[in-house]
Undergrad: 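Before I ask anything, let me first share the structure, which is written out below as structure tokens.
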Amino acid sequence: MNYTYRGGDRPLEGFTIKCGVGRGAFGEVYVAESEGGKYVALKLLTANSDVELRGLAPCLNLKHPNLIHLYDLRTDDRGHKWVVMEYVLGDSLAKVLDRHPHGLPPHLAKEWFLSLARAVGYLHDKLVVHRDLKPGNVFLEDGQVKVGDFGLCKRIASGHREAQSQGVGTVYYMAPEIDRGQYTKSVDVYACGIILFEMLTGTVPFNGASPLEILHKHLTDAPDLSKVPAAFRPVLETALQKDPAKRFATMADFARAVEAVAVGPALAATVLPVAVPVTPVNLPVPPSVPHRPPAGPLPAEARGRLAELAGSLAAVPLMAALCTAPWALFQTTVEWPTLARLFLLTSALSGAAVLVGRLPAKRTAADTWGRRARMIPVGVAVGVLAFWLDGWGLPQKVAADADVPYREQYLGGAVRMTPESLSIGMRYVTYFALAAAAFRWWTITDRRRSERFRLWPVLAAGFWGGVLMFLWPRESNGVVGVVPLVLAAVTVQMVSPWVPPPPPPPRRVRLRLA
């Protein structure tokens, strides 16, 4: 599954992305680490953010041991909305049920349902209806049930109808009165009844070939309780009534009825312990939790990044050739050696810039000098390459019995180089080192840049090349110094991965009547 951000990215100030863990109707969810080392879940809202934010607003300051805590709502530098919330180290109830297609042991279903009822009852006490209760929104951490995904929550006192969940499967838990636009506590009571049915049997009471068929069954068909343990049938018969007035009036009433059910001894305790959730190996584990990294090949996230980097590097020579070829159009006589030097220098500088620009780094303004420093060795290497391509001899190893003038000896007499070559070589190296460090290469390798290609970086590369031309040796054609910088600015942008930003939300138009 491809996510907008990858491990090491810092799209939101103060948090470093570790990995993506899920995608839903409203956005993408990531595990992130704060600057203090705390693991949190970050949700990037990519669709219907107004609906989600309206649902989250009444839940921001709610605190309950069976609710996932919401810490904050934030906006990044690009105007994207983020939800900062508690990171639950465990599976969803949906995944647990997938591993137990015939249902959970009755004693365990009862225990988890009572925790679910306490969470939903707390929401109702705070005049909030969840409206999207389902196993995918119920999470388990060390046997502790936590309810999350408050994007469709609504205050009970509100009277207007909100947009509905777009998640596949929500229709299985919809109360009949939702068809009439009624959103009271009874819709959560009904959904909790469906969840209890599914925990006991491994399946939902109403299924069908289409959402419309399933909704019709919610409206007309009586649930088949024959698969449910006999002790739970009267409870579910009340909870799944078509008429909201005939259901349990509150979650507390529902919980008392379930608590009164005798389920006998915990027969399956040795088969299914309370701590069912298993930590996926691709999620980061806080330092306090013992964790042994899995053996074998690299994680999928790392393999994806390496494949992406390899693809970019493979495309560099092709794009450098396409950028260099038009240079022949500006000359009356094509100088093929010059063209070859431009191609090689452009390829070398572009490949190094892509490689260094994609290295994990802190995405803060304070790290600007660190990024520039990493480009200095790149510039030095390109300067040495330019020096050699222009026909200047590199330092030569001196034999032990060779008679070399003292003024041409360096490194304790180990290598030989004329003073003229050394002076010119230093000019090449200094020019490209400063030019590479002055230009902000990391901005054009960022996959989250606003556009795939912009003209301004190309002009900036030409500007720095022109400013530093006083360092360029007069014995060489200055074109070989400036043009590779300009062509590299084009090449790097075209080969670097780019994720288009999500479209801006539609503007609200207010009509003013005269």
Side-chain angles (χ1 to χ4, degrees), residues 12 15 17-34 38-45 49 51-74 81-97 111-155 165 167 169-170 173 188 191-192 195 199 251 255 274-280 283-286 288-289:
L12 195 62
F15 298 98
I17 296 291
K18 292 299 179 182
C19 62
V21 293
R23 178 180 286 120
F26 292 125
E28 301 171 345
V29 180
Y30 300 87
V31 175
E33 185 179 7
S34 71
K38 182 179 180 64
Y39 282 91
V40 299
L42 295 181
K43 184 173 185 178
L44 170 63
L45 304 183
S49 60
V51 175
E52 177 97 351
L53 293 174
R54 282 199 300 270
L56 295 172
C59 303
L60 271 177
N61 294 309
L62 301 185
K63 294 182 180 180
H64 190 276
N66 296 119
L67 290 179
I68 292 179
H69 294 167
L70 301 179
Y71 298 139
D72 203 1
L73 299 177
R74 301 275 295 275
K81 304 294 184 182
W82 293 81
V83 184
V84 186
M85 53 190 172
E86 177 185 1
Y87 167 43
V88 177
L89 187 64
D91 284 345
S92 68
L93 178 58
K95 290 185 178 180
V96 175
L97 292 175
E111 179 182 345
W112 286 353
F113 176 83
L114 292 177
S115 297
L116 170 63
R118 285 192 290 269
V120 178
Y122 174 80
L123 288 176
H124 292 176
D125 290 342
K126 299 300 181 181
L127 301 180
V128 175
V129 182
H130 191 284
R131 300 199 307 164
D132 198 19
L133 292 169
K134 55 185 177 182
N137 291 340
V138 179
F139 301 88
L140 303 164
E141 184 177 43
D142 296 329
Q144 177 85 349
V145 173
K146 288 181 176 288
V147 177
D149 203 343
F150 306 107
L152 289 179
C153 283
K154 176 186 170 188
R155 290 195 180 277
S165 170
T170 302
Y173 308 90
D188 286 348
C192 286
I195 294 173
M199 283 197 293
M251 284 303 301
V274 172
V276 170
V278 178
T279 304
L283 297 184
V285 179
S288 59
V289 181

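In this chain, residues are counted from 1 in sequence order.
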Undergrad: Ignoring hydrogens, what is the shortest heavy-atom contact between Ser92 and Gly136? Give both atom names and the distance.
TA: CB-O, 4.1 Å

Undergrad: Using ring-ring contact (aromatic ring centres under 6.0 Å, His included) as the criterion, list what pairs up with Phe139, not counting sequence neighbours.
TA: none

Undergrad: Might you point out which heavy atoms bring Leu123 and Leu67 nearest each other, and give the distance in Å?
TA: CD2-CD1, 4.0 Å

Undergrad: With the side chain counted from C-beta on, respond yes when Tyr71 and Glu86 share a heavy-atom pair under 4.5 Å apart, and no when they do not.
TA: yes

Undergrad: Between His130 (side chain) and Gly148 (backbone), is there a donor-acceptor pair under 3.5 Å?
TA: yes

Undergrad: How close do Phe113 and Cys192 get, heavy atom to heavy atom, and via which atoms?
TA: CE1-O, 3.6 Å

Undergrad: Using modelled atom types only, decide if a donor and an acceptor are shared between the side chain of His69 and the backbone of His64 within a distance under 3.5 Å.
TA: yes

Undergrad: Got a second to check how far Glu141's CD is from Asp91's CG, nearest 0.5 Å?
TA: 11.0 Å

Undergrad: Are Asp72 and Arg74 packed together at the side-chain level, in the sense that at least one heavy-atom pair is separated by less than 4.5 angstrom?
TA: yes

Undergrad: Minimum heavy-atom separation for Ala117 and Ala255, please, with both atom names.
TA: CB-CB, 3.9 Å

Undergrad: Check whether any side-chain heavy atom of Val83 lies under 4.5 Å from a side-chain heavy atom of Leu73, and answer yes or no.
TA: yes

Undergrad: For the residue pair Phe15 and Val84, establish whether any side-chain heavy-atom pair is separated by less than 4.5 Å.
TA: yes

Undergrad: Is the shortest side-chain heavy-atom distance between Val147 and Ile68 below 4.5 Å?
TA: no

Undergrad: May I ask you to test the Trp112-Val96 pair for a side-chain heavy-atom distance under 4.5 Å?
TA: yes

Undergrad: Would you say Asp188's side chain and Val120's backbone share a donor-acceptor pair under 3.5 angstrom?
TA: no

Undergrad: Would you give the length of the straight line joining atom CG of Leu116 to atom NZ of Lys146, rounded to the nearest 0.5 angstrom?
TA: 13.5 Å

Undergrad: Do Leu12 and Leu44 make a side-chain contact, defined as non-hydrogen atoms from C-beta onward lying under 4.5 Å apart?
TA: no

Undergrad: Working to the nearest 0.5 angstrom, can you tell me the gap between Leu93 CG and Met199 CE?
TA: 6.0 Å

Undergrad: What is the distance from atom NZ of Lys43 to atom CD of Glu28, rounded to the nearest 0.5 Å?
TA: 11.0 Å

Undergrad: Any non-hydrogen side-chain atom of Asn66 less than 4.5 Å from a side-chain atom of Tyr122?
TA: no

